[in-house]
> 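Dropping the structure in here first, questions after.
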Amino acid sequence: MTDSVLTIASEVRSGTRTAAATIRASLDAIAARDDELHAFLYVDDLGARAAAIVVDAAVEAGRDPGPLAGVPVALKDNLCVRGVATTCGSKILDGWKPPYTATVIERLVAAGAIPIGKTNLDEFAMGSSTENSAFGPSRNPHDPSKVPGGSSGGSAVAVAAGYVPVALGSDTGGSIRQPAAFCGLVGYKPTYGHVSRYGLVAFSSSLDQIGPFTNTVADAALISTVICGHDPADSTSLADGYPDLLGALDRGVSGLRVGLCSDLLNGADEEIVAKVRAAAQVLAAAGAEIIDIAIPELRLGLSAYYLLAPAEASSNLARYDGVRFGLRVEREDVAAMNVATRTAGFGAEVKRRIMLGTYALSAGYYDAYYGQAQKTRRLITNALNAAYTSVDVLLGATTPTTAFGFGDKVADPMSMYLSDLFTIPTNLAGHPALSVPFGVGATGMPIGVQILAPGRRDDLLFQVGAVLENGAPA
Ligand code: GLN
């Protein structure tokens with residue numbers, strides 16, 4: 001494990017360590033192990049070293065480089081950096097270099113952080129294991145025979161392997177929280193609209209949110225404080241009302257009503273249920289009131305998500321036609337070129353989603369599938385909001401199982417989709433959620449517990465998360 005974001009930044013700012021040495025250590029760690037783990041699709045060795053020199057020069061000159069001074073950060077490869085190839089884990093973007101940089105990256109860099117490279121992911125963020133990457137999977141540092149989770153698997157590996165103290169991912173149905181749980185990290189999906197999606201390649205625009213992977217809850221709060229906030233370039237970005245995440249860290253949970261939610265537990269392995277119950281006890285010992293609660297509507301999340309997300313994806317991915325981006329497979333006419341390009345460029349899971357989504361949106365089926373799924377989404381949101389009249393937060397499992405083996409679920413998409421059973425409902429509601437590591441299972445693989453809060457109450461997650469982190473099994 002590397003030093004925390006907080007430690008690195010404060011030491012670089014005070015001149016007791018250099019950004020250059022920090023970046024060197026990070027690059028060395030990547031060189032030593034990433035052939036095996038494959039977290040990165042691209043490492044910007046020269047760019048990171050050059051940025052470190054600039055940060056160190058600022059400190060030397062008596063200027064403050066910012067709250068993330070010299071902190072190396074890994075970026076999921078669906079986040080655009082101007083002039084740097086962005087693949088989304090797909091062959092279809094081959095050779096494409098974005099003409100602009102994502103707002104989150106601009107903000108990190110303005111705060112003194114140093115992007116070190118782009119991480120592996122399931123193609124277009126569709127998947128739960130990184131096995132859908134066109135460039136081969138990433139491996140879980142806790143046991144390289146196991147998947148790291150997905151779709152932001154490479155980002156999780158980059159932090160869990162100790163290459164970097166923070167990585168950004170995107171979470172549409174669980175793609176930050178699930179790999180965080182599998183790799184023993186803190187993973188945070190902010191309230192929809194809290195983090196600008198400008199420069200994030202769209203998968204399912206009404207669900208996508210960017211967030212961090214870190215080793216500690218405090219680091220997640222600090223990074224999120226930097227990347228959250230209104231952005232005029234994203235029309236879904238919220239204007240104001242961002243809660244104070246750092247201030248929430250030492251608030252404690254005395255008097256807080258925590259709903260231990262059976263519908264975020266049923267279906268999980270026994271060892272995971274046991275950890276969530278132990279987490280509830282930690283909170284109770286710290287003064288929280290634990291209330292058993294059922295929200296059966298949450299069980300409908302998976303089926304609604306697997307209509308809505310593919311429907312939006314089928315529309316978002318229509319732009320990859322061989323004309324405007326990346327790959328083109330030449331043919332005698334445009335229509336044949338479109339087909340040949342998409343046939344060669346997209347992997348099996350992306351094709352499956354495009355077909356599912358197109359079908360769900362087609363005339364005659366729209367009401368029965370897409371319309372019904374939208375109604376279900378509303379039902380889930382209403383049920384969550386109703387629950388929050390009697391509890392302040394919800395507690396449950398992040399995932400039904402710990403990290404699984406390569407190939408275990410590839411042949412059966414339904415079993416892969418089930419990985420997201422507990423993470424999907426918050427995306428549908430636009431609510432925030434945090435996964436915090438809480439010990440390991442029988443095989444030594446990490447277990448995550450999940451905290452859910454009402455929309456725009458992300459501070460509650462950090463309030464509870466800090467207490468859980470303190471009380472987690474060693
Ligand atoms: N695993 C889910 C899916 O395949 C979620 C992906 C995500 O959050 N990007 O769609």
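These figures come from a predicted structure and were not determined experimentally. Atoms within a ligand are numbered from 1 in the order they appear, just like the ligands themselves. Residue numbers start at 1 and run along the sequence shown.
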> Any nitrogen or oxygen of Thr172, main chain or side chain, under 3.5 Å from a nitrogen or oxygen of ligand 1?
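Yes - when backbone and side-chain N and O of Thr172 are compared with those of ligand 1, one distance drops under 3.5 Å.
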> Which of the atoms of ligand 1 are close to Met126, meaning less than 4.0 Å from one of its heavy atoms?
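Heavy-atom distances to Met126 below 4.0 Å select 4 (O).
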> Which of the numbered atoms in ligand 1 are below 4.0 angstrom from a heavy atom of Asp420?
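Those qualifying, in numeric order: 1 (N), 2 (C).
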> Just so I know, are the side chains of Leu395 and Leu468 near enough to count as touching, which here means a heavy-atom distance under 4.5 Å?
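Heavy-atom side-chain distance check passes, below 4.5 Å.
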> Pick one of side chain, backbone, both or neither for how Arg353 approaches ligand 1, counting any non-hydrogen atom pair under 4.0 Å.
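Side chain only; the backbone of Arg353 stays clear of ligand 1.
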> Please identify which atoms of ligand 1 are closer than 4.0 Å to at least one heavy atom of Phe203.
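Heavy-atom distances to Phe203 below 4.0 Å select 9 (N), 10 (O).
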> If the cut-off is 4.0 Å to any non-hydrogen atom of Ser128, which atoms of ligand 1 fall inside it?
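Near Ser128, the atoms of ligand 1 are 1 (N).
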> Mark yes or no: Arg139 above the aromatic ring of Phe406, with NZ or CZ under 6.0 Å from the six-membered ring centre and no more than 45 degrees from the axis.
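Yes, Arg139 and Phe406 form such a contact.
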> Check for me whether Tyr417 has a heavy atom closer than 4.0 Å to any atom of ligand 1.
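Outside the 4.0 Å threshold, so no.
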> Please name the residue in the list Ser155, Ser151, Ser175 that meets the side chain to side chain donor-acceptor pair (under 3.5 Å) test with Lys76.
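Result for side chain to side chain donor-acceptor pair (under 3.5 Å) with Lys76: Ser151.
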> Pick one: which of Thr172, Asp420, Asp171 meets side chain to side chain donor-acceptor pair (under 3.5 Å) with Asn427?
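The option that passes is Asp171.
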> Between Gln450 and Ala433, which heavy-atom pair has the shortest distance, and what is it?
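Distance-wise, the nearest heavy atoms are OE1-CB, 3.6 Å.
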> Would you please test Arg377 and Ser206 for side chain to side chain donor-acceptor pair (under 3.5 Å) and show each step?
CA-CA 11 Å; Arg377 182 177 191 173; Ser206 77; 2.8 Å; yes
> Give every donor-acceptor pair under 3.5 Å between a side-chain atom in residues 198-205 and any protein atom, sequence neighbours left out.
from, atom 1, to, atom 2, distance (Å)
Ser204, OG, Glu312, OE1, 2.9
Ser205, OG, Asn316, ND2, 3.0

> Looking only at N/O atoms, are Gly150 and ligand 1 under 3.5 Å apart anywhere?
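Between Gly150 and ligand 1, no N or O pair is found under 3.5 Å apart.
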> Test of understanding: given a 4.0 Å heavy-atom threshold, classify the contact between Tyr306 and ligand 1 as side chain, backbone, both, or neither.
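It is the side chain that touches ligand 1; the backbone stays farther off.
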> Taking Lys91 for its side chain and Ala134 for its backbone only, find out whether a donor-acceptor pair lies under 3.5 Å.
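A pair under 3.5 Å: no.
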> Considering only heavy atoms of Ala125, which atoms of ligand 1 have at least one such atom less than 4.0 Å away?
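Counting from 1, the qualifying ligand atoms are 6 (C), 7 (C), 9 (N).
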> Quick one: does Met416 get a heavy atom under 4.0 Å from ligand 1?
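It does not, in that no heavy atom of Met416 comes within the 4.0 Å cut-off of ligand 1.
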> Please work out which of Ser175, Ala309, Ser204 has its closest non-hydrogen atom nearest to atom 6 (C) of ligand 1.
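Selected option, by shortest heavy-atom distance: Ser175.
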> So is there a nitrogen or oxygen of Ser170 less than 3.5 Å from a nitrogen or oxygen in ligand 1?
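No, Ser170 has no N/O under 3.5 Å of an N/O on ligand 1.
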> Note the single closest protein heavy atom to atom 10 (O) of ligand 1, along with its residue, its atom name and the distance in Å.
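Here the nearest protein heavy atom works out to Tyr305 OH, 2.6 Å.
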> So, is the end of the Lys146 side chain (NZ or CZ) under 6.0 Å from the ring centre of Phe404 and within 45° of the ring's axis?
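Not flagged: Lys146 not positioned over aromatic ring of Phe404.
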